[in-house]
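Notes for the one structure printed next.
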Amino acid sequence: MDTPMDMPYGAHRNSAPRALATEAVHAGRDDLARQGLHAPPIDLSTTYPSYDSRSEAERIDAFAATGAEPDGPPVYGRLGNPTVARFETALARLEGTESAVAFASGMAALSAVLLVRAAAGLRHVVAVRPLYGCSDHLLTAGLLGSEVTWTDPAGVADAIRADTGLVVVESPANPTLAEIDLRALAHSCGSVPLVVDNTFATPVLQRPVEQGARLVLHSATKYLGGHGDVMAGVVACDEEFAGRLRQVRFATGGVLHPLAGYLLLRGLATLPVRVRAASANAAELVRRLSADPRIARVHYPRLGGAMIAFEVHGDPHEVIGGVRLITPAVSLGSVDSLIQHPASISHRIVAADDRRDAGVSDRLLRLSVGLEDVDDLWADLDQALPERPADRRSAMTRARTADA
Ligand SMILES: *Cc1c(COP(=O)(O)O)cnc(C)c1O
């Protein structure tokens, strides 16, 4: 009989559907109480003893055939790790997929997806701008041998060729927060896998698989970790694609460290609470920014969320230099607020024309709203925002006239 102790890591008996907030704190931990544990153990082993090399041979053959996680004890750290597997189980549950495969970073995750398709001879990628700057660069530079056609969502169906292996989008997109109708897009993709980078929305606000995406990618460095102290990536998908991803991960080595897996599982527990609280702060800041004459334009998705982009009439670099509470830094999704100038940093690697065509203006600032008190955040922005150049001129004229 299979006892709870024999169940694989992360397996759960409780098949009743559970709400997202419940999954966030329980998924990947279902076996703990039966093992007499409360916090998940961290397994730092790189290798595992086995006195039966015949059965090891069979397990390795099975992995080579399908990429399914080997039954029984782990084999070697690059094949899989029990602590990382807890995070994968939990994220799959939150995204509503069969499986998830974790990587050393978001870029390692995207690379693995591209390599899976390239290995099948399907190197052509259709993609919609804007994407995160380095994702754009990876495709444009063809570092992994892919060839990309950039189009808008309406052009995806026409851009697909016989050798198209993947359609890549972000929604809401980094950094403009542009949104895509994923259901309509998934329809245009036909049988070509659609990967949606869900880093900005998180499964709390959007579950792309429910709208027809085959793959959901995260830079887990952002909201999933949530505290700015772990770098990771993950792809949530069906088990068949997950097997291919594990084989690529095994062969190319972009594995996630078990300590990072532990921190990510811990981060997921508070994900719904963090995303909702930060989104409420963001919505209030959007309200105040939209009413402010120093602001030319505010970008905020209909979906909501904790990311804001805005354009100032004055010099955006003054905002970056002027904030005191908000940290001027690239990255996002942390408990504390971060602001950056995409044209200088996160999207610098994208050619200036492509960047501007994608709506990333030189005046655009991207703000990742954290969990601070919203009045403190506003006070910081308020003192950092530059006056409209016209207002400044008239203020100077007034001052000069007063002097005279
Ligand atoms: C940061 C980011 C990435 C890259 O993730 P890393 O963890 O930095 O490798 C990919 N997509 C989006 C939307 C991002 O914000």
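All values derive from a computational prediction rather than experimental measurement.
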Could you tell me whether [X] and [Y] make a salt bridge, using a distance below 4.0 angstrom between a side-chain N and a carboxylate O?
X: R249; Y: E88; value: yes
X: D163; Y: R117; value: no
X: E95; Y: R207; value: no
X: E147; Y: R123; value: no

Q. Between D43 and Y262, is any side-chain donor less than 3.5 angstrom from a side-chain acceptor?
A. no
Can you confirm whether [X] sits close enough to [Y] that some side-chain heavy atom of one is under 4.5 Å from a side-chain heavy atom of the other?
X: V125; Y: T149; result: no
X: H313; Y: P389; result: yes
X: L365; Y: I320; result: yes
X: W378; Y: D292; result: yes
X: N174; Y: H347; result: yes
X: L268; Y: V25; result: no
X: Q247; Y: R244; result: yes
X: R18; Y: R93; result: yes

Residues at least two apart in sequence or cross-chain that pass salt bridge (charged side-chain N to carboxylate O under 4.0 Å, His left out) with D362, listed by chain then number, are R356
Residues at least two apart in sequence or cross-chain that pass salt bridge (charged side-chain N to carboxylate O under 4.0 Å, His left out) with R59, listed by chain then number, are E56
Please find the pair of heavy atoms, one from [X] and one from [Y], that lie closest to each other, and give the distance.
X: V128; Y: P153; value: CG1-CD, 3.9 Å
X: L215; Y: C237; value: CD2-CB, 3.5 Å
X: L332; Y: L338; value: N-CD1, 3.8 Å
X: L364; Y: A309; value: CD1-CB, 3.9 Å
X: L217; Y: A109; value: CD1-C, 3.9 Å
X: C189; Y: V156; value: SG-CG1, 4.2 Å

Measure from the side-chain N and O atoms of [X] to the backbone N and O of [Y], and report whether any donor-acceptor pair falls under 3.5 Å.
X: R355; Y: P342; answer: no
X: R388; Y: P293; answer: yes
X: Q383; Y: G322; answer: yes
X: T221; Y: A232; answer: yes
X: Q211; Y: A186; answer: no
X: Y300; Y: G305; answer: yes
X: R78; Y: F250; answer: yes
X: T164; Y: L166; answer: no
X: T199; Y: S219; answer: yes
X: R86; Y: G28; answer: yes

Margin query: Can you confirm whether R266 is buried at CZ, in the sense that more than 12 heavy atoms of other residues, nucleotides or ligands lie under 6.0 Å from that atom?
Written below: no
### Residue D71 excluded, over 12 heavy atoms near CG under 6.0 Å
no
Derivation and outcome, salt bridge (Lys or Arg N to Asp or Glu O under 4.0 Å), residues R246 and E239: CA-CA 10 Å; R246 285 188 209 102; E239 174 54 25; 3.0 Å; yes
Under 6.0 Å between ring centres, would you say that holds for Y48 and Y76? no
Nearest 0.5 Å, what's the [atom1]-[atom2] distance between [X] and [Y]?
X: L224; Y: R274; atom1: CG; atom2: CZ; result: 8.0 Å
X: F63; Y: L79; atom1: CZ; atom2: CG; result: 4.5 Å
X: L114; Y: L122; atom1: CG; atom2: CG; result: 12.0 Å
X: I295; Y: R363; atom1: CD1; atom2: CZ; result: 11.5 Å
X: H299; Y: E179; atom1: NE2; atom2: CD; result: 12.5 Å
X: E284; Y: S279; atom1: CD; atom2: OG; result: 13.5 Å

* Dump the intermediate steps for side chain to side chain contact (heavy atoms under 4.5 Å, CB included) on E23 and L271, then the final yes or no. => CA-CA 11 Å; E23 292 289 13; L271 181 71; over 6 Å; no
**Worked check of side-chain hydrogen bond (donor to acceptor under 3.5 Å, both in side chains) between N198 and Q206** = CA-CA 8 Å; N198 203 29; Q206 168 176 278; 2.9 Å; yes
Q | Stepwise side chain to side chain contact (heavy atoms under 4.5 Å, CB included) check, F200 with L303 | A | CA-CA 10 Å; F200 274 33; L303 191 71; over 6 Å; no
Notebook entry, point to check: Yes or no on side chain to side chain contact (heavy atoms under 4.5 Å, CB included) for L265 and R29, after CA distance, side-chain angles and deciding distance?
Noted result: CA-CA 9 Å; L265 185 68; R29 302 169 188 247; 3.7 Å; yes
Item to check | F310/L385 under side chain to side chain contact (heavy atoms under 4.5 Å, CB included): CA gap, chis, key distance, verdict | outcome: CA-CA 11 Å; F310 59 93; L385 287 174; 4.0 Å; yes
Hits for side chain to side chain contact (heavy atoms under 4.5 Å, CB included) against R129, two or more places apart or cross-chain, chain-then-number order -> D136, T140, W150, D354, A358
